[in-house]
Amino acid sequence: MSIPSEVALQARPLSQWLWASAQAFPERSALEGPDGALTYRALAAAVRQQADALTAAGIGPGDRVAVAATRSTPTIVAILAVVQAGAAYVPLDMAYPSERLQAMLADSAPRAVLGEPAALRRLGELIPDLPTLERPAAGGTAVFGAEPDLTYVLFTSGSTGRPKGVAMGAAPLCGLIAWHAAHPRLGLPARTLQFAPLSFDVHCQEIYATLACGGTLVVLPEDVRRDPQRLHAALIEQRIERIFLPYVALQMIA
């Protein structure tokens, strides 16, 4: 395949990259996880439907949408849909203590929360009036192509005090993905492991750089991700070609 030039990527809004790959490689595997696989055509359709539902609910640029993050294909679809709708996603790691989740929700003030039923019930117990969109139905008309003001809000660990939300705009991500595409060994359409938690910004390189270049994003169950021996076996079984690992994880696998 021909990889888009750096100039073309920088000129392309973040919300258009998935559609470009879907048009170029509609039947290629885009996303594989413990709960199924999606081609680029199917992924684009699922993202479009959820983004339409968000806009039908009045959510758009400048808004924040919390995502109850689990290691699943629906979670990837959800964060892509938020970006397509022009809003910013706030990933919530459901392994966090309730007090931390409450603080993150209070600080980010999301317009809605996306997630699986069990996660939404837990969050609803923390903040009773929290607006949720469990399984949004289509009905809106998402405006694609406009660059969002924010792409995501991630929270610091809080090791030096109260956790703080860090907001990231689209322009730095455009530059990061363009850099990947400009380096052939990084910009190839590789089978890439989605290893990083969504609360860690490395997930952007895994997700966006893979889907922008026509690669396949592979999501593993959390128990496999945390077990070095099972992770090593999964890397071979899933034919993983590209990984972004912290040193300690790489050392354990070695």
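Any value given below was found using the heavy atoms of this structure, including those in side chains, with hydrogens, waters and symmetry copies removed. Keep in mind the model is a prediction, meaning the values are calculated, not measured.
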Which atom names give the shortest non-hydrogen contact between Cys213 and Pro189, and what distance separates them? O-CB, 3.3 Å

Give the cluster check for Val202 versus Ile253: same hydrophobic cluster or not, with ILVMFWY residues linked at side-chain heavy-atom distances below 4.5 Å. no

Which residues share a side chain to side chain donor-acceptor pair (under 3.5 Å) with Glu27, sequence neighbours left out: Arg41

Non-hydrogen side-chain atoms of Leu31 and Val219 separated by less than 4.5 Å: yes

Decide yes or no for Leu193 and Leu235: does some side-chain heavy atom of the first lie under 4.5 Å from some side-chain heavy atom of the second? yes

Please say yes or no: joined through hydrophobic side-chain contacts below 4.5 Å, possibly via intermediate residues, are Val90 and Met94 part of one cluster? yes

What is the minimum heavy-atom distance between Val82 and Ala88, and which atoms define it? CG1-C, 3.5 Å

Residues which pass salt bridge (Lys or Arg N to Asp or Glu O under 4.0 Å) with Arg226, listed by chain and number, not counting sequence neighbours: Glu222

Residues Arg242, Thr210; criterion side chain to side chain contact (heavy atoms under 4.5 Å, CB included); working and verdict: CA-CA 9 Å; Arg242 181 172 62 173; Thr210 299; 2.8 Å; yes

Once side chain to side chain donor-acceptor pair (under 3.5 Å) is applied, do any residues pair with Glu237, and if so which ones, sequence neighbours excluded? none

Return a table of donor-acceptor pairs under 3.5 angstrom between the side chains of residues 166-177 and protein atoms on other chains or two or more places apart.
none

Can you list the residues that meet the side-chain contact (heavy atoms from CB on, under 4.5 Å) rule with Ser72, with sequence neighbours excluded? Asp35, Thr70, Pro74, Thr75

I'd like to check the side-chain contact (heavy atoms from CB on, under 4.5 Å) partners of Pro197; sequence neighbours left out, ordered by chain and number. Ser199, Phe200, Arg225

Please round to the nearest 0.5 Å and tell me the distance separating atom CD1 of Ile243 and atom OG1 of Thr192. 10.0 Å

Arg28 vs Ser21, test: side chain to side chain contact (heavy atoms under 4.5 Å, CB included). Steps then yes/no. CA-CA 9 Å; Arg28 180 177 292 177; Ser21 292; over 6 Å; no

Tightest non-hydrogen contact, residues Arg64 and Ala109, listed as NH2-O, 3.9 Å

Partners meeting ring-ring contact (aromatic ring centres under 6.0 Å, His included) with Tyr40 (sequence neighbours left out): none

Report the residues that fulfil salt bridge (Lys or Arg N to Asp or Glu O under 4.0 Å) with Arg121, sequence neighbours left out, ordered by chain and then residue number. none

Minimum-distance pair of heavy atoms, taken over all atoms of Ala30 and Leu211: O-CD2, 3.7 Å

Could you tell me which non-hydrogen atom of Ala66 sits nearest to which non-hydrogen atom of Leu105, and how far apart they are? CB-CD2, 4.1 Å

Residues at least two apart in sequence or cross-chain that pass salt bridge (Lys or Arg N to Asp or Glu O under 4.0 Å) with Arg230, listed by chain then number, are Asp223

CG of Leu154 to SG of Cys204: how many Å apart, nearest 0.5 Å? 7.0 Å

What closest approach, in Å, do Leu220 and Ala234 show between heavy atoms, and which atom pair accounts for it? CD1-CB, 3.8 Å

Atom OH of Tyr208 and atom CG of Leu217: how far apart are they, to the nearest 0.5 Å? 11.0 Å

CG/Leu92 to CG/Leu198 distance, rounded to the nearest 0.5 angstrom? 10.0 Å

Please enumerate all residues that pass side-chain contact (heavy atoms from CB on, under 4.5 Å) together with Ala81, with sequence neighbours excluded. Val47, Gln50, Ala51, Leu54

Salt bridge (Lys or Arg N to Asp or Glu O under 4.0 Å) partners for Arg111, two or more places apart: Asp63

For Thr216, enumerate each residue passing the side-chain contact (heavy atoms from CB on, under 4.5 Å) test, keeping only those at least two apart in sequence or located in another chain. Ser29, Glu32, Arg191, Val218

Rounded to the nearest 0.5 Å, how far does CD of Gln102 lie from CD of Glu99? 6.5 Å

Measuring from Gln194:CD to Ile76:CD1, what's the distance to the nearest 0.5 Å? 4.5 Å

When Phe195, Phe244, Tyr152 are each screened for ring-ring contact (aromatic ring centres under 6.0 Å, His included) with His203, the one that passes is Tyr152

